[in-house]
Structure formats: C-alpha cells, structure tokens
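Structure, as structure tokens:
All ligand and atom numbering here is 1-based and tracks the order in the structure. None of the values given here were measured: they were computed from a predicted structure. Because only heavy atoms are used, hydrogens play no part in the values below, and waters and symmetry mates are left out as well, while side chains stay in. Numbers for residues simply follow the sequence, beginning at 1.
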Amino acid sequence: MASKPVSLNTGPGGLSHVTLRHAAGVAKADIYLFGAHVTSWVAASGREMLYLSPTAHLDGTKAIRGGIPVCFPQFGKHGPLKQHGFARTATWRIEDEDAAMSSTTPTVTLAMSETPDTVASDWPFRFKAMLTFAILDDGNLSIKMAVENRDERVFDFSTALHSYFTVDNLDDSRVPGLSGLTYADNANAGAEEKDKEPFVSFGKEVDRLYYGAPDEIELASAHLKLMKTNYPDAVVWNCYKEKAAALSDLPDDGWLRYVCIEPARVREKAVVTPGATWAGRLILKETAS
Ligand code: BG6
C-alpha cells in the first residue's frame, strides 16, 4: 500500500510524531507533538536538511536539541520566562485530527492553548497558537504560525523558528546578505555591533540577533534558502567547541555539524489585541548550489 500523506507514528523515546510524505517523491518531514517540533525534513533530492543531535532527548524530559524548536512566547532570555518560552516543551494537539489523518495532501496543523501552568506563569494570557506544516509540490517545507489572542487584554510576545541545518563542513559554511546590519552579539553580553564582513563564517562562537534581516537568507553550502514573512529579525548561532562541551545533549563534535538560522521577531515584539491574530511564515527551500 502506498504511504499515506499524513500518518501518526511513535518515535524511539515513545513520543508521537506526525509524518508528512510527498505523494510522488521522497520528500518527507517528521513533526513531534512535543513542542510542535520538526525533527526531520528530507528534501526532494533525498538529502536530510535538518540537524538533529544524536543525543537529543526524544522522551519529553527536555526540549529536543536540533530540528526546529519553536520559541514562544519568548525568544531566548528576552523576558521573564524560561529560555525560549514554554511552547517547545508543551505537548501540542493535532487540529481536527480525523480530517488531518485522511488528508490527501501532506499537511497538518498542530495547536496549543493556555494551560494552568501557562496561566500561572509571567505570560498568563488566553491564546491559541497554531503551526501548519506542509510538504509543498517541489518537496520544500512550509511552516505557517498563527497566534490568536483569546484574552480580554492586549498581549505581546517574541518568537523564533530555531532551525538547525545540517552542514557537511562548518569551515565552508557562509551566510551572506547580512553585511551592514546591526546585530546584538549574544557571545559578547548582547553588545550591539555592525556587521562589516561580506558573510558570516564560523571560525568561533557565533550567537547573533540580526535586526531587520532580509526575507531571503541563504546557506549555500547546505543547499538551502530560507524565505520568511513577518519575522523581521534573524538569529545566526553555532555554539563552537567550548560551549558544545557544556551542552549535555550535543555530542562533543556536534558543533561541527550544524548552523542555526532562525527567523525571529524579537526587537519589536508582536503585539496582538483581543480577538486578533498574528501570523508569520517560513518556507525552507532546497537549492542546487
Ligand atoms: C539560540 C540563542 O537561539 O539558542 C543561544 O541565541 C542559545 O544563545 C541557543 O544558546 C540554544 O538555546 P538552548 O536553550 O536550546 O540551549
């Protein structure tokens, strides 16, 4: 029997994940309900585009290291919540599960709303967040995020799609297109700098929040282009050797295998009035180069 476009499976740590499969090609993606977290995207060429740490916790005891963690309603330490907010350690639900599982196209929407824990937190609002994942006709991956304010109060949030991309050779990895932009350098206590280099390279720890980053960003050596909408900022991160040793869920050589480029909304938070919805989108595109 041909594989279904949408199926629900169990991962090695016992957690459920949705698998989306392209009807004709090899493109597919795995999305864990824990964190609404993409752990794998195989593009049309058959290449795995995302880096998932081989020592990532896949049992729900910790945010998954690698893939695409969803940072919400706080990016990093930019607010009172725990690092990167609560969404990446929450269990999301499949929206309209019966319809999703019988879909004839590889797409699924995961949703989460407030819980007693989030209501008791420093971000106590009623909300509905939705992430719609789709494998497009060309095998590329689309992620749409929507956050509806179901409270009586205005709220704001920061957010990022914390994408880890597989690189064959970190020394050859370059991110052009950010030259001239101002960034907050998290590797230097958040000091603001202007990028004067033609491209970002990774000969040391890189942890930068670029303000007003272009909507298309390339990681050419990884055959990848990001196309983002309504995420005005972008984080570029590689922890490098010394910090890797402190990450218990990253192997000692794991820092050589990934570069994070994260569409983000941080400098100007999203502000959502009661009844309104904020929306953003990321398309990850495999390129020939
Ligand atoms: C990046 C931050 O987005 O996430 C880094 O800029 C941080 O400062 C990294 O180290 C990983 O965070 P965590 O919480 O997943 O270890």
Side-chain angles (χ1 to χ4, degrees), residues 32 34-39 50-90 121 123 143 145 157-167 170 173 175 178 181-193 195 200-202 204-213 217 219 226 228 231-267 269-270 280 282 284:
Y32 275 65
F34 178 71
H37 194 129
V38 185
T39 54
L50 301 179
Y51 174 77
L52 177 66
S53 168
T55 51
H57 295 248
L58 295 176
D59 58 1
T61 54
K62 192 175 190 295
I64 297 170
R65 174 75 59 200
I68 311 182
V70 177
C71 306
F72 172 83
Q74 177 182 302
F75 173 77
K77 296 190 171 73
H78 292 255
L81 300 179
K82 63 182 179 181
Q83 162 118 323
H84 292 328
F86 50 66
R88 66 176 177 162
T89 50
S121 80
W123 202 82
I143 304 175
M145 181 168 177
F157 62 86
S158 54
T159 187
L161 294 171
H162 192 314
S163 315
Y164 290 70
F165 300 112
T166 293
V167 297
L170 189 65
S173 300
V175 184
L178 304 177
L181 297 182
T182 299
Y183 62 89
D185 189 357
N186 212 24
N188 184 22
E192 291 195 350
E193 314 267 355
D195 193 343
V200 184
S201 57
F202 298 92
K204 59 179 181 179
E205 179 191 2
V206 174
D207 190 352
R208 300 176 179 177
L209 168 64
Y210 281 89
Y211 303 145
I217 303 178
L219 184 60
L226 296 88
K228 61 184 181 62
Y231 292 94
D233 309 317
V235 176
V236 181
W237 180 60
N238 177 276
C239 64
Y240 211 64
K241 197 184 303 181
E242 291 74 22
K243 289 218 171 146
L247 296 175
S248 59
D249 51 0
L250 191 71
D252 286 349
D253 64 351
W255 60 280
L256 290 163
R257 315 260 173 262
Y258 83 90
V259 163
C260 283
I261 304 178
E262 312 165 32
R265 177 172 271 280
V266 179
R267 185 172 57 161
K269 291 182 178 181
L282 171 65
L284 296 180

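Of the heavy atoms in His162, only side-chain atoms (C-beta onward) come closer than 4.0 Å to ligand 1. Residue Arg88 touches ligand 1 through its side chain alone, judged by heavy-atom distances below 4.0 Å.
Side-chain N/O atoms of Lys62 and Ser248 include no donor and acceptor closer than 3.5 Å.
Heavy-atom contacts of Glu262 reach the following atoms of ligand 1: 1 (C), 3 (O) (cutoff under 4.0 Å). For ligand 1, the atoms sitting less than 4.0 Å from at least one non-hydrogen atom of Gln83 are 7 (C), 12 (O), 13 (P), 14 (O), numbered in the order shown with element in parentheses. Taking every heavy atom of Phe75 and a limit of under 4.0 angstrom, the matching atoms of ligand 1 come to 3 (O), 6 (O).
Relative orientation of the Phe157 and Trp123 rings is perpendicular, given thresholds of 30° and 60° on the angle between their planes.
In terms of protein heavy-atom proximity, atom 6 (O) of ligand 1 is closest to Asp207 OD1, 2.6 Å. In terms of protein heavy atoms, atom 11 (C) of ligand 1 is closest to Trp237 CH2, 3.5 Å.
Heavy-atom distances between Lys243 and ligand 1 stay at or above 4.0 Å for every pair.
Tested against Tyr258 for a ring-ring contact (aromatic ring centres under 6.0 Å, His included), the candidates Phe202, Trp237, Tyr240, Phe165 yield a single pass: Trp237.
Asp207 has no carboxylate O lying under 4.0 Å from a charged side-chain N of Lys243, or vice versa, which leaves the two without a salt bridge.
Listed for the Thr166 side chain is a donor-acceptor partner under 3.5 Å among the backbone atoms of Leu50.
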Inset, instruction - Report the C-alpha separation of Tyr51 and Trp255 in whole Å, then their side-chain angles, then the decisive distance to 0.1 Å, and conclude whether the ring-ring contact (aromatic ring centres under 6.0 Å, His included) test is met. - result: CA-CA 10 Å; Tyr51 174 77; Trp255 60 280; over 10 Å; no
